[in-house]
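The block underneath contains the structure these notes are about, expressed in structure tokens.
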Amino acid sequence: MRYRPGTGEYLNELAQDLRPLDEGIAWFASLSEDEQTGTLGLLAVFCFQAHPTAEEALESIRRSGLRPTHTPAVMLVRGQIEDQVGRIAGLTPQHERMKAFRLLIALLAVADGRRRARCRVHSCSHPWHHLTASQETAP
């Protein structure tokens, strides 16, 4: 599993609405299967670190535009969220990977948004909480 340099910052820009989600979806679709796997794995780590709650999981399903019956959405609300995030990142059919990407970006947006608000960005030392809109292209 691998991902391109700059992917972590780019995923956080998507989650923080500093880049349009449609751009991110097109970027993800352009990645090789190996890069998609690595990117979903990295996104799962970010989600895990944000410690999403059950309420945030439900909100992320709504924000992602997925139906609650889509496989990644069903997986997210069954069992421990942290365990399910890793399983969602491991989905292999292409159409499920795209759904997983949308859902995990939404989950990161909701859960990390709560963390950013709680730690009051100015007192937080995490560099991904101090991003600004980048003029650079996707990694």
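Heavy atoms only: backbone and side chains are in, while hydrogens, waters and symmetry mates are out.
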Practice problem: Measure the spacing between CD of Gln84 and CG of Leu103 and express it to the nearest 0.5 Å. | Solution: 11.0 Å
Quiz item: Shared ILVMFWY cluster between Val85 and Ile105, side chains joined below 4.5 angstrom?
Solution: yes
Quiz item: Checking Gln36 side chain against Phe28 main chain: does a donor-acceptor pair fall under 3.5 Å?
Solution: yes
Practice problem: Decide yes or no for Arg97 and Thr37: does some side-chain heavy atom of the first lie under 4.5 Å from some side-chain heavy atom of the second? | Solution: yes
Quiz item: Rounded to the nearest 0.5 Å, what separation is found between the CD atom of Gln49 and the NE2 atom of His51?
Solution: 7.5 Å
Self-check item: Close side-chain approach of Leu108 and Leu14, heavy atoms under 4.5 Å
Solution: no
Exercise. Report the C-alpha distance between Lys99 and Thr71 in whole Å, list the side-chain angles of each, state the deciding distance to 0.1 Å, and finish with yes or no for side-chain contact (heavy atoms from CB on, under 4.5 Å).
Key: CA-CA 8 Å; Lys99 292 175 193 172; Thr71 301; 5.9 Å; no
Quiz prompt | Spacing of CE belonging to Met98 relative to NE2 belonging to His95, to within rounding of 0.5 Å | solution = 12.0 Å
Quiz prompt | Check: Trp27 and Thr39 side chains under 4.5 Å, non-hydrogen atoms | solution = yes
Practice problem: Locate the shortest heavy-atom distance separating Ala73 from Pro68; write the atom from each residue and the value. | Solution: CB-O, 3.8 Å
Quiz prompt | Set of side-chain hydrogen bond (donor to acceptor under 3.5 Å, both in side chains) partners for Arg102, sequence neighbours left out | solution = none
Side-chain donor/acceptor pairs under 3.5 Å, residues 53-61, sequence neighbours excluded:
{"unit_1": "Thr53", "atom_1": "OG1", "unit_2": "Glu55", "atom_2": "OE1", "d": "3.4"}
{"unit_1": "Thr53", "atom_1": "OG1", "unit_2": "Glu56", "atom_2": "N", "d": "3.1"}
{"unit_1": "Thr53", "atom_1": "OG1", "unit_2": "Glu56", "atom_2": "OE1", "d": "3.4"}
{"unit_1": "Glu56", "atom_1": "OE1", "unit_2": "Thr53", "atom_2": "N", "d": "2.9"}
{"unit_1": "Glu56", "atom_1": "OE1", "unit_2": "Arg114", "atom_2": "NE", "d": "3.4"}
{"unit_1": "Glu56", "atom_1": "OE1", "unit_2": "Arg114", "atom_2": "NH2", "d": "3.2"}
{"unit_1": "Glu56", "atom_1": "OE2", "unit_2": "Arg114", "atom_2": "NE", "d": "2.4"}
{"unit_1": "Glu59", "atom_1": "OE1", "unit_2": "Arg62", "atom_2": "NE", "d": "3.1"}
{"unit_1": "Glu59", "atom_1": "OE2", "unit_2": "Arg62", "atom_2": "NE", "d": "3.4"}
{"unit_1": "Glu59", "atom_1": "OE2", "unit_2": "Arg62", "atom_2": "NH2", "d": "2.5"}
{"unit_1": "Glu59", "atom_1": "OE2", "unit_2": "Arg63", "atom_2": "NE", "d": "3.0"}
{"unit_1": "Ser60", "atom_1": "OG", "unit_2": "Glu56", "atom_2": "O", "d": "3.4"}
{"unit_1": "Ser60", "atom_1": "OG", "unit_2": "Ala57", "atom_2": "O", "d": "2.7"}

Self-check item: Pairwise ring-ring contact (aromatic ring centres under 6.0 Å, His included) hits with a residue in residues 70-92, at least two apart
Solution: none
Would you tabulate the side-chain donor-acceptor contacts of residues 41-48 under 3.5 Å, counting partners in other chains and residues two or more places apart, or write 'none'?
none

Quiz item: Does any pair with a residue in residues 65-93 pass salt bridge (charged side-chain N to carboxylate O under 4.0 Å, His left out), and if so which ones, sequence neighbours excluded?
Solution: none
Quiz item: In Å and rounded to the nearest 0.5 Å, what is the CZ to OH distance from Arg19 to Tyr10?
Solution: 5.5 Å
Quiz prompt | Minimum side-chain heavy-atom gap Leu91-Pro72 below 4.5 Å | solution = yes
Self-check item: Those residues that, when tested against Ser32, pass side-chain hydrogen bond (donor to acceptor under 3.5 Å, both in side chains) (two or more places apart)
Solution: Glu35
Self-check item: Inter-residue atom distance Ile81.CD1 - Leu107.CG, 0.5 Å rounding
Solution: 7.0 Å
